[in-house]
S.K.: 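Just passing along the structure, written as structure tokens.
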Amino acid sequence: MTPAGSLQPGDRFGQARPAQLPPYDATARAAGKTRADAVFEAIDLAILNGDIVPGSKLTEEQLAAHFGVSRGPLREAINRLEGRGLIERVPHAGVRVVAFSEAALQEIYAMREVLEGLACRLAAQHMTESEIETLKEIVRRQHLTVDHLPPEAVGVGHGWDLHWQIVHGTRNTRLTRTICDEIYYRLRVYRNRQRTVATRVPRAVEEHVAIVDAIARRQADQAEMLMRWHIRAAYEHLRGDPLAPNSG
């Protein structure tokens with residue numbers, strides 16, 4: 001049975017293809033990290049950066065040879081990636097990077113629009129002045145690097161991630177868990193693609209500035225409306241991306 005939201009065989013990314021794995025230096029593993037940790041982090045980063053694109057097929061043989069690990073640590077890493085919703089098992093064929101159909105992406109972005117709009121409303125009501133200063137610092141950095149935003153600008157949980165910071169400022173545990181754990185990780189590769197598109201980034205940064213200003217002024221209605229517009233604009237831009245599902 002194909003998991004909900006995944007591509008059917010006729011969808012654009014439904015034709016699984018071998019993944020192009022990035023270079024890996026087994027000797028560079030940080031102290032205190034297990035082999036499973038190192039493999040998990042390497043694949044996770046490769047998916048985020050777009051080195052392994054949605055729909056890419058991964059086999060245990062390929063991964064074990066590339067990372068120089070046994071099946072035990074490899075399967076542990078795969079289980080963790082599957083738990084984050086980044087890969088899915090394909091019967092008799094190994095695993096592949098999760099890809100979404102256009103209909104699934106539309107549903108997810110509709111959820112994002114409502115939930116992140118609510119998050120902005122709550123953030124305007126509950127964020128401390130110190131937390132708001134953090135938001136202002138993030139948009140200042142984004143302005144300074146608007147022509148070359150680093151991957152961390154959309155790294156989930158990273159200090160650059162304005163959306164993450166806003167959601168965690170809501171003081172709403174269930175909302176935070178739904179957005180950050182169930183939505184963000186699955187959308188990282190699509191969010192990261194928009195970071196590299198010059199026509200979207202300056203506009204997105206200006207939208208961030210307006211959102212933060214509304215939160216700082218405690219204008220809950222305005223903050224919610226601006227975030228909803230921002231998410232809607234992101235989705236419309238994604239639909240026009242020639243590498244997005246079912247586009248072109």
Side-chain angles (χ1 to χ4, degrees), residues 5 12 48-50 54 99-124 127 132 135-158 160-170 175-176 178-180 182-217 219-248:
R12 187 176 186 278
L48 168 62
N49 290 341
F100 296 103
S101 66
E102 184 176 5
L105 276 177
Q106 184 177 16
E107 291 177 355
I108 293 171
Y109 269 84
M111 289 177 60
R112 272 194 77 189
E113 181 181 328
V114 174
L115 295 177
E116 291 203 51
L118 174 60
C120 268
R121 170 177 289 279
L122 295 175
M127 272 189 135
I132 291 173
L135 299 185
K136 291 179 179 179
E137 176 59 27
I138 291 172
V139 294
R140 278 195 289 266
R141 281 186 286 167
Q142 290 180 348
H143 255 302
L144 291 173
T145 58
V146 68
D147 294 327
H148 52 278
L149 283 180
E152 301 90 82
V154 292
V156 174
H158 194 280
W160 278 80
D161 193 338
L162 184 76
H163 293 259
W164 179 277
Q165 299 292 338
I166 289 172
V167 172
H168 278 269
T170 64
L175 182 65
T176 300
T178 298
I179 295 175
C180 296
E182 297 179 18
I183 294 178
Y184 276 179
Y185 277 106
R186 290 162 172 79
L187 288 179
R188 286 193 314 165
V189 67
Y190 299 105
R191 290 179 69 197
N192 195 43
R193 276 198 54 74
Q194 293 186 329
R195 174 187 64 83
T196 64
V197 180
T199 56
R200 173 59 189 158
V201 173
R203 178 182 170 189
V205 171
E206 291 302 324
E207 291 165 2
H208 283 174
V209 171
I211 289 167
V212 171
D213 183 65
I215 292 173
R217 294 174 183 272
Q219 297 172 336
D221 290 345
Q222 181 77 351
E224 178 175 8
M225 180 186 69
L226 289 171
M227 179 58 84
R228 292 188 66 147
W229 283 354
H230 176 64
I231 299 298
R232 198 175 307 158
Y235 174 67
E236 290 301 323
H237 187 272
L238 180 62
R239 288 183 63 194
D241 186 340
L243 294 183
N246 294 333
S247 64

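Residues: numbered from 1 along the sequence shown. As a basis for the values below, the full set of heavy atoms in this structure was taken, side chains included, without hydrogen atoms, waters or symmetry mates.
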S.K.: Which pair of non-hydrogen atoms, one from Thr176 and one from Val167, has the smallest distance, and what is that distance?
M.R.: OG1-O, 3.3 Å

S.K.: Quick one: pull up CD in Gln165 and CD1 in Ile132 and give me the separation to the nearest 0.5 Å.
M.R.: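 Going from CD on Gln165 over to CD1 on Ile132, the span is 12.5 Å.
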
S.K.: Only one of Ile211, Val209, Val212 clears side-chain contact (heavy atoms from CB on, under 4.5 Å) with Leu135; which?
M.R.: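 Answer to the side-chain contact (heavy atoms from CB on, under 4.5 Å) test with Leu135 among Ile211, Val209, Val212: Val212.
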
S.K.: Of all heavy-atom pairs between Lys136 and Ala216, which one has the smallest distance, and what is that distance?
M.R.: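 Closest pair (atom of Lys136, atom of Ala216, distance): CE-CB, 3.9 Å.
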
S.K.: Distance from Leu162 atom CG to Glu137 atom CD, nearest 0.5 Å?
M.R.: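 Between Leu162 CG and Glu137 CD, I get 12.0 Å after rounding to 0.5 Å.
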
S.K.: So His163 and His230, would you call those rings parallel, tilted or perpendicular, with 30° and 60° as cut-offs?
M.R.: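 Correct class here is parallel.
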
S.K.: Which heavy-atom pair separates Leu226 from Ala210 by the least distance, and what is that distance?
M.R.: CD1-O, 3.5 Å

S.K.: Do Arg228 and Cys120 have side chains that get closer than 4.5 Å, going by heavy atoms?
M.R.: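 Answer no - side chains too far apart.
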
S.K.: Side-chain contact test, heavy atoms from C-beta onward, threshold under 4.5 Å: evaluate it for Met111 versus Glu107 and give yes or no.
M.R.: no

S.K.: Determine, for Glu207 against Arg203, whether the closest basic-nitrogen to carboxylate-oxygen distance falls under 4.0 angstrom.
M.R.: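 Looking at Arg203 together with Glu207, the answer is yes, because their closest N to O distance falls below 4.0 Å.
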
S.K.: Given side chains that start at C-beta, do those of Leu187 and Leu105 come closer than 4.5 Å, heavy atoms only?
M.R.: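 Of all side-chain heavy-atom pairs linking Leu105 with Leu187, at least one is under 4.5 Å.
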
S.K.: Other residues, nucleotides and ligands only: do more than 12 of their heavy atoms fall within 6.0 Å of CZ on Arg217?
M.R.: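 No, not enclosed.
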
S.K.: With rounding to the nearest 0.5 angstrom, report the NE2 to CG distance, His168 to Leu175.
M.R.: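 Going from the NE2 atom of His168 to the CG atom of Leu175 covers 10.0 Å.
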
S.K.: Output the distance between atom CD (Glu236) and atom OH (Tyr109), rounded to the nearest 0.5 Å.
M.R.: 11.5 Å

S.K.: How close do Ala124 and Ala220 get, heavy atom to heavy atom, and via which atoms?
M.R.: CB-CA, 3.8 Å

S.K.: Roughly how far, to the nearest 0.5 Å, is the CD1 atom of Ile138 from the NE2 atom of His208?
M.R.: 9.5 Å

S.K.: Give me the atom names and distance for the closest heavy-atom approach of Arg239 to Glu102.
M.R.: NE-OE2, 3.9 Å

S.K.: Considering only heavy atoms from C-beta outward, does the side chain of Tyr184 approach that of Arg112 to under 4.5 Å?
M.R.: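 Yes; the side chains approach each other to less than 4.5 Å.
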
S.K.: Taking all non-hydrogen atoms of both residues, which atom of Ala119 and which atom of Ile179 are closest, and how far apart?
M.R.: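 Taking Ala119 first and Ile179 second, the nearest heavy atoms are CB-CD1, 4.4 Å.
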
S.K.: Rounded to the nearest 0.5 Å, how far does CD of Gln142 lie from CD of Glu206?
M.R.: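 Reported to 0.5 Å precision, the distance equals 10.5 Å.
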
